[in-house]
Structure formats: structure tokens, C-alpha cells
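For reference, the structure is listed below as C-alpha cells.
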Amino acid sequence: MSGIGLGVMGMIGLLILLFVFGLKPSDPPLEVMLIILSVVTAAAALQAAGGMDYLVSVAGKILRRHPGQITILGPIVTYFFTLFAGTAHISYSILPIIAEVAIKARIRPERAMSMSVTAAHMGITASPVSAASAALLTVLVSDGIKLADILMVCIPSTLIGVIIGILFVLKRGKELDQDPEFLERMKDPVFAKNVMGEQQNTEVTLKPGSIKSVIIFAVAVFMVVLLGSFPSIVPQFTVTNEFSPNFAVNASGQVQMPSLIMMIMLAAAGLIILFANTTAAQVTKASLFASAGQATIAVFGVVWMSGTFMDNNYLLIKNTLGELVTTYPWLFALALFTMSILLFSQAATTKALMPLGLTLGLSPAYLVGIFPAVNGHFFIPGYPTLLTAIQFDRTGTTKIGKYVLDHSFMLPGIVTTVASVLAGLLLQSIIL
């Protein structure tokens, strides 16, 4: 199950822990849930106002201007667009352009498509406004980790990983004109005509507020990065005897960064509605708004269940695994990767396992370094971005494979993830 299936099954698991095993429920992951709702609502407003279409049109111009470099440019453009938007859903509009350009240039589409999907996933763990980065921040903020610390490590490490992945696929597989499946399909006159035909006109009429919405969203992202990088400019209130820390303000009287992210992103959605020629009704009808509900429920059930299990078995887990993880800390990166395969969610994996890493004695800086390991959901070819890429490659080079796990994304995904984690570990030792 994926989508809300993860959440509702997690809630069944939580009820079993509660009524069968008598475990005390932990606090629900309210911060992460509300951040997901806030950020994706802002992205949905961007989509409703035509901002996503504008970004995709810019991407299309860049890719079509240099068709011979599609294997390099496709993943790089997808990475930066995901980093900006905080969601991999933007790749759904870019993938058909990448496939089309690759086919016209007679370059094996599998190379660019597999790495573009991988790059989109990596961009999530580098984005200042993604749910996964917010989840990591909520776990580590009490240990002194700021959003700027996460970005300084994760943006270069994931970009290094993507570049190494691109080099890996650059000559992978047979050239398109030598691929047996493509040659077989070319025997069909209709298919051959479509492939050999003129480039499709993919120009779309942009909505009046498209550019305004992009500017508003960009300013919001900048504000999140600015406030996360310089805590001294974050509002702080005088602590009195009657004062007690709450959801939004910490013990020192300073507004907490997770709450600021919620405020800024929802305010951005409001400003887009006011000034970018869209309405609240159109925002709720955007496809990204539906994804916000799915992601929130998924995190709600799974993380609440796993948090309850971890809290009630704290000493047993620490005594059993603590020494092992201390001796072989890379095992925790493997645990993150494995959990992400099962959960299909970077945010859920982060919120479920990162607190355990702190419990087992791993340093916050180390956890930031291995953060890209939560991108293991390419392993089983059921994630929407993978299936979309397969669907848009008309040549058949991007595929699942005979044995399911021998699909087009497996090796590029592993190479990119391993390279990103190794680069992250190196950078965290230098920066943090």
C-alpha cells in the first residue's frame, strides 16, 4: 500500500500496540504533519496560479536548446526544480519533455529518464521547504542543528551524488539505434512516423499570475532559508515566571523554526491567491493539494505507530543496538535506506528513525550526513515517478525488467544514493 494506505495501516498497528500489548501512545507527529500541509498548500497555490507551468516551460526551453546533452541536463534541471518546489511532483511535467528530446536526439532515453527520477528524489532531501527536510529539522533542532546546517551539507552532497550518477549512466545500455526493442518498434509505420516526426508543440498559454506566483513562492523559500540560517533575526519574547514553552515558542522565548515554516508557506499561499489571479477554490482543486492530504495521513499513522513502539522499548533498543551502531555507524544509514523502501516516504522515514539514531548515540551532524539514505523508495518499482518515467519513454528502454528488481532505476539509484551519503559524511565532518 502507498498513499493514505500507509497511514491507515499504521493506525491499525497503533491500536494493536495500545489494546493488545498495552503500550502507552506517544505524541502524534503534529509538527511534521502541519509543515507538510503548509508547504504543499503553497505549492498547490503555485500550481493553481500557473507557476508550475511557467517553470516547466523554462525547463523545456533549456532542454530543447541542448538536445545532445539531455542525459546531463535532464537530471540537473529536474534536481533544481525539485529543490525549489520541495516536491518531486514537478517532475511529472518535465519527464515527457526529457523523453521527447532524447528520442529526437537519438540518445537512449533510459539514461536521462532514470537519472532524472533519481535526481528528483535527491532534490527533496536538499530542499529547504520539503517535508523530509522539515522532519529532520524537527528532530535535530533541540540539538542545535539549524536549517542552514542541513542545507550546507545536503545540497552539495546530493548534487555530487547526482553528478556521479549521471557519469554512471552516460554510456549505459546500447545506443538507441542498436537497441533490439526499439528497432522492433520502428517496424510499425505509425510508431516510426511519430518518432521521426517534427518536434511536438508543447507551448502552453500561461495564466496571467504565473510569474507573480513564482516570485512570491521564491521569496517565501528565501525567507525560510534566511530565518533558518540566522536565528538571531527570529522574533524572541521575554520569558516571565508565568511563561511555559509551547508548540510555537521554545523555553528561551524564541519562535521555533518549524512554526515559522508553517506561517511563511501558508502566508505565501495567501499572497498568491490575493495577487496572482487565482482563487482558494482553484488551489483546493490542484493535484498537489490532494497529495498533501495523502502525505499527511501517511506520516500521521506510520510515524505515530513507530514512535509509540520506539518510546516504549527505548532501553531494550539502546542496550541491544547501541554498541553495534556505535561500532558500525554505517548500519544506521542502511536502516534508513531499508525503511524508506518500505514506507515510500522520505519524511515518514526521517521522523520514524532519526530519533532512534539520537537514542543510539549517533551525533546530529552524522545524521545530517547520512540524510540522503532516506531515498530508497526507487528500490521497488512502484513509486509514481518511476511508473510515470516508464510510461513516457515510448522506445521501451526505460522498463521494470524481467525480474522486477532489475529495473532501469536500480543501479543509478544505488550509485547516486551511496555517493550522496559518502559525500554527506565527508562534508558534515568539515562543516558541522
Side-chain angles (χ1 to χ4, degrees), residues 35-65 73-74 76-101 116-117 119-120 123-124 127-131 198-225 261-296 384-385 388-389 391-392:
I35 287 173
I36 290 173
L37 283 174
S38 304
V39 171
V40 182
T41 298
L46 180 69
Q47 183 182 30
M52 288 287 187
D53 291 336
Y54 172 74
L55 292 174
V56 170
S57 69
V58 172
K61 291 176 182 177
I62 294 172
L63 297 175
R64 291 191 176 98
R65 196 173 296 141
L73 291 179
I76 294 294
V77 168
T78 307
Y79 172 85
F80 280 107
F81 273 57
T82 304
L83 187 148
F84 171 76
T87 172
H89 293 290
I90 194 172
S91 66
Y92 298 150
S93 300
I94 299 176
L95 289 174
I97 299 174
I98 294 172
E100 176 197 333
V101 172
S116 294
V117 169
I124 291 174
S127 173
V129 291
S130 71
E198 293 296 322
Q199 183 171 287
Q200 299 178 7
N201 181 17
T202 56
E203 290 291 328
V204 295
T205 302
L206 296 176
K207 295 182 179 180
S210 58
I211 297 178
K212 290 180 184 177
S213 67
V214 171
I215 294 172
I216 293 171
F217 193 88
V219 171
V221 173
F222 174 76
M223 287 296 296
V224 168
V225 175
I261 293 175
M262 302 172 206
M263 298 174 194
I264 292 169
M265 298 314 294
L266 276 182
L271 292 172
I272 289 173
I273 292 171
L274 287 173
F275 299 109
N277 302 83
T278 190
T279 64
Q282 290 174 332
V283 173
T284 58
K285 292 177 183 177
S287 60
L288 282 179
F289 192 79
S291 72
Q294 294 181 30
T296 303
T385 48
T388 302
Q391 177 184 351
F392 281 126

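- Leu37 CG to Thr296 OG1: the interatomic distance, rounded to the nearest 0.5 Å, is 3.5 Å.
- Contact record, Phe392 with Ala99: O-CB, 3.5 Å, taken as the closest heavy-atom pair.
- The distance from the CD1 atom of Ile94 to the CD1 atom of Ile62 is 9.0 Å, given to the nearest 0.5 Å.
- Within the 4.5 Å cutoff, the side chain of Ser38 has no heavy atoms near those of the Ile261 side chain.
- Across all their heavy atoms, Val56 and Phe81 have their closest contact at N-CE2, 4.1 Å.
- Evaluation of the side-chain contact (heavy atoms from CB on, under 4.5 Å) rule for Thr385 yields Ala88, Ser91, Tyr92, Val117, His121, Tyr383 as partners, not counting sequence neighbours.
- Heavy atoms only, all atoms of each residue included: Val224 and Pro128 are closest at CG1-O, 3.9 Å.
- Taking CD1 of Ile264 as the start and CZ of Phe222 as the end, the distance is 11.0 Å to the nearest 0.5 Å.
- Val39 is not listed as a side-chain neighbour of Ser130, based on a closest heavy-atom distance of 4.5 Å or more.
- With Ser127 contributing its side chain and Ile124 its backbone, the two residues share no donor-acceptor pair below 3.5 Å.
- Side chain of Lys207 to backbone of Ala48: a donor-acceptor contact under 3.5 angstrom is found.
- Interatomic distance, OG1 of Thr41 versus CD1 of Ile36, reported as 11.0 Å (0.5 Å rounding).
- Using a 4.5 Å heavy-atom cutoff, the side chains of Ser116 and Leu95 are in contact.
- To the nearest 0.5 Å, atom CG of residue Leu274 and atom OG1 of residue Thr279 are 11.5 Å apart.
- In this structure, the side chains of Arg64 and Glu100 come closer than 4.5 Å at one or more pairs of heavy atoms.
- Taken from OG in Ser291 to CD in Gln47, the straight-line distance is 8.0 Å, to the nearest 0.5 Å.
- Smallest separation of non-hydrogen atoms from Gly50 and Ser210: O-CB, 3.3 Å.
- A donor-acceptor pair is defined here as one N or O able to donate and one able to accept, closer than 3.5 Å; such a pair exists between the side chain of Thr82 and the backbone of Thr78.
- Of all heavy-atom pairs spanning Gln282 and Asn277, the tightest one is OE1-O, 4.4 Å.
- Of all heavy-atom pairs spanning Ala49 and Ile272, the tightest one is CB-CG2, 3.8 Å.
- Other residues, nucleotides and ligands contribute at most 12 non-hydrogen atoms within 6.0 Å of the OH atom of Tyr54.
- Taking the side chain as every heavy atom from C-beta outward, Phe84 and Leu55 approach each other to under 4.5 Å.
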(request) Would you please test Thr87 and Val40 for side chain to side chain contact (heavy atoms under 4.5 Å, CB included) and show each step? (result) CA-CA 8 Å; Thr87 172; Val40 182; 5.9 Å; no

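- Counting heavy atoms from C-beta outward, Met265 and Val129 have side chains that approach closer than 4.5 Å.
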